Protein chains: 2
Amino acid sequence: MPLPLIDLLWRDHPDAPTGGRRGPRARVTTGSVLDAALRLADADGLAGVTVRHLAADLGVSTMSVYTHVNSRDDLLVLMVDAAHLRMERIPHGRAGWRSRVRRVAEANLALIQQHPWLLDVVDDRSALGPGTIAKYDHELEALEALGLEDTDRDAALTFVLDFVRASARALRPQPRAGEMAEHWPEWGPRLATYLGDDHPLARRVGAAAGEALGGPGSPSHAWDFGLTRVLDGLDALSSGGRP
Amino acid sequence: MPLPLIDLLWRDHPDAPTGGRRGPRARVTTGSVLDAALRLADADGLAGVTVRHLAADLGVSTMSVYTHVNSRDDLLVLMVDAAHLRMERIPHGRAGWRSRVRRVAEANLALIQQHPWLLDVVDDRSALGPGTIAKYDHELEALEALGLEDTDRDAALTFVLDFVRASARALRPQPRAGEMAEHWPEWGPRLATYLGDDHPLARRVGAAAGEALGGPGSPSHAWDFGLTRVLDGLDALSSGGRP
DNA sequence: GAGTACGCCGTACAACGTACACTGTTATAG
DNA sequence: CTATAACAGTGTACGTTGTACGGCGTACTC
């Protein structure tokens with residue numbers, strides 16, 4: 001049986017237990033399993049990360065994967081922490097907090113667009129891993145100039161990162177988009193019939209939002225809009241409430 | 001084969017196709033399948049909503065479910081729209097936009113806490129259903145006094161609702177919480193060893209946030225904090241940018 | 001050289017969504 | 001009145017998933 005999750009997360013730390021040295025040499029390691037899992041997830045999404053696929057990619061039998069990882073759920077946690085560990089951490093420099101936070105948001109958006117499967121992992125246990133903790137530490141620094149007490153500082157970071165996650169989900173090409181477009185010639189008129197003259201506001205705003213989504217200009221209006229809202233919302237903290 | 005999804009969503013509309021009248025009378029309907037599915041989901045979560053369980057609850061065979069619903073994915077879309085349809089829609093009255101938006105947020109939080117499985121449905125096709133459209137219309141009204149153009153009005157609502165979804169996810173009792181607590185006596189000291197003196201900021205803020213989470217006072221500091229941030233962020237729109 | 005810890009593997013099981021072929025029932029067409 | 005077509009419902013079966021269990025062979029320790 002592999003080591004507990006906490007030790008697998010910190011497997012590269014000098015104090016991490018190594019286990020005995022007997023028996024045949026391992027042909028794969030937890031690290032190489034993770035490398036393969038990340039490749040698979042980036043290519044085929046989380047659903048493509050099955051234990052069997054993983055084992056085939058590694059050239060071992062299905063059950064051998066469980067020698068290096070306790071369960072698929074644990075694997076996902078390890079993957080998230082690995083992605084966080086590899087994330088580039090740009091020094092904050094002398095920029096003001098607004099630029100800092102903006103860069104944190106953009107870096108997280110880039111991370112999720114590079115690894116869209118991050119949106120599909122709901123397990124929070126990666127918070128115990130070296131990558132996630134380092135990321136947390138670095139991003140907390142961005143909020144320094146806001147002068148918040150600790151609980152608010154954590155809440156502010158959560159606020160920013162939750163916005164990024166939601167926006168990234170909206171920006172992600174929906175798997176159903178193709179199916180929707182396919183059925184639209186049939187469904188569109190039918191929906192118009194059902195709606196009739198009801199909900200004129202929803203119809204007007206929905207149409208405008210739909211057009212803007214596929215239209216020219218910025219790839220996502222909602223991202224710019226939301227990010228400015230986030231920054232202005234935090235701004236109200238340091239400028240002593242609303243005027 | 002059942003009707004296409006768009007017609008199932010609008011099954012209660014007068015213009016909805018009813019299908020022929022031949023054959024034995026249906027012992028269950030799309031509506032009763034949904035009722036059972038909602039009960040199951042509220043009780044056991046989305047994972048408890050299996051076609052077999054559903055059929056057993058309804059007293060029919062497994063495959064009979066597919067007479068009234070095209071697929072499990074479609075079922076989830078119908079469930080979401082049904083939940084949106086049954087949501088109470090409080091008139092906005094004469095309240096200012098801040099109170100209106102606050103109430104929209106609180107109503108959505110209540111909705112998700114009543115039906116936590118809503119967080120697990122990622123399919124956006126419910127946007128075509130009567131419940132989701134009525135909800136959209138009603139919530140857009142809350143933003144009237146902000147004087148936004150249509151695309152911004154949609155973006156603002158998305159901004160609010162995304163915040164609610166993320167907060168609701170954080171407030172939801174994590175399925176892993178029990179397991180974490182169980183392993184904590186073993187993992188806590190180990191984590192302390194690994195961390196050593198690194199990341200003092202993350203350790204301090206993380207500890208404060210962790211304490212606040214289980215501590216006395218408001219059930220969630222992050223909710224109050226974030227909601228005020230959301231409102232202040234929107235406020236900056238109407239007060240003409242930051243001072 | 002004996003014992004043991006360990007990597008690896010084959011088989012097997014329960015659960016899932018659902019395709020398919022079928023039976024039986026009922027309203028309609030001739 | 002009968003033949004037909006449309007429909008609700010069922011049983012079986014397939015492919016896929018995660019993973020428990022027991023066995024086999026290897027390499028280190030005594």
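As the structure is a prediction and not an experimental result, all values here were calculated from the model. So you know, we letter chains A, B, ... as the sequences are listed, proteins then strands, and number each from 1.
When atom types are taken as modelled, the side chain of A/Arg11 and the backbone of A/Leu8 share a donor-acceptor pair closer than 3.5 angstrom. Between the side chain of B/Thr62 and the main chain of B/Arg52, no donor-acceptor pair closer than 3.5 Å is present. The main-chain N or O of B/Ser167 is never found under 3.5 Å from a side-chain atom of B/Arg172 such that the two would form a donor-acceptor pair. Judged purely by atom type and a 3.5 angstrom limit, A/Asp7 has no side-chain atom pairing as donor or acceptor with the backbone of A/Pro17. Side chain of A/Thr158 to backbone of A/Asp154: a donor-acceptor contact under 3.5 angstrom is found. Using modelled atom types, no side-chain atom of B/Thr132 and backbone atom of B/Gly129 make a donor-acceptor pair closer than 3.5 Å. A donor-acceptor pair is defined here as one N or O able to donate and one able to accept, closer than 3.5 Å; such a pair exists between the side chain of B/Arg72 and the backbone of B/Val49.
Partners of B/Phe225 by ring pair (Phe, Tyr, Trp, His ring centres under 6.0 Å), not counting sequence neighbours: none found. Residues that satisfy the ring pair (Phe, Tyr, Trp, His ring centres under 6.0 Å) test with B/Tyr194, not counting sequence neighbours, are A/Trp10, A/His13. Here B/Ala36 pairs with B/Arg39, B/Leu54, B/Leu58 under the side-chain contact (heavy atoms from CB on, under 4.5 Å) rule; sequence neighbours left out. Qualifying ring pair (Phe, Tyr, Trp, His ring centres under 6.0 Å) partners for A/His199, counting only residues two or more places apart in sequence or in other chains: none.
B/Asp137 contributes atom CG, which lies 9.0 Å from atom CG of A/Asp198 (distance to the nearest 0.5 angstrom).
Two end axes, each from the C1' atoms of five base pairs, can be drawn for the helix from C/dG1-D/dC30 to C/dG30-D/dC1; they diverge by 20°, to 10 degrees.
Less than 4.0 Å separates DNA chain C from no heavy atom of any residue of residues 35-55 of chain A. Heavy-atom distances under 4.0 Å link DNA chain C to A/Val60, A/Ser61, A/Met63, A/Ser64, A/Thr67, A/His68 of residues 60-81 of chain A, given in residue order.
A ring-ring contact (aromatic ring centres under 6.0 Å, His included) check over residues 160-185 of chain A, counting only residues at least two apart or in different chains, returns the pairs A/Phe163-A/Trp223, A/His183-A/Trp187. Sequence neighbours left out, the pairs with a member in residues 109-139 of chain B that pass ring-ring contact (aromatic ring centres under 6.0 Å, His included) are B/His92-B/His138, B/His115-B/Trp117. Pairs of residues two or more places apart, or lying in two chains, never qualify as ring-ring contact (aromatic ring centres under 6.0 Å, His included) while including a residue from residues 24-57 of chain B.
A 4.0 Å heavy-atom criterion places the boundary nucleotides of DNA chain D facing chain A at D/dT17 to D/dT29, written 5' to 3'.
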What pairs of nitrogen or oxygen atoms, one from the protein and one from nucleotides 24-28 of chain C, lie under 3.5 Å apart?
from   : atom 1 : to      : atom 2 : distance (Å)
C/dT26 : O2     : B/Gly23 : N      : 3.4

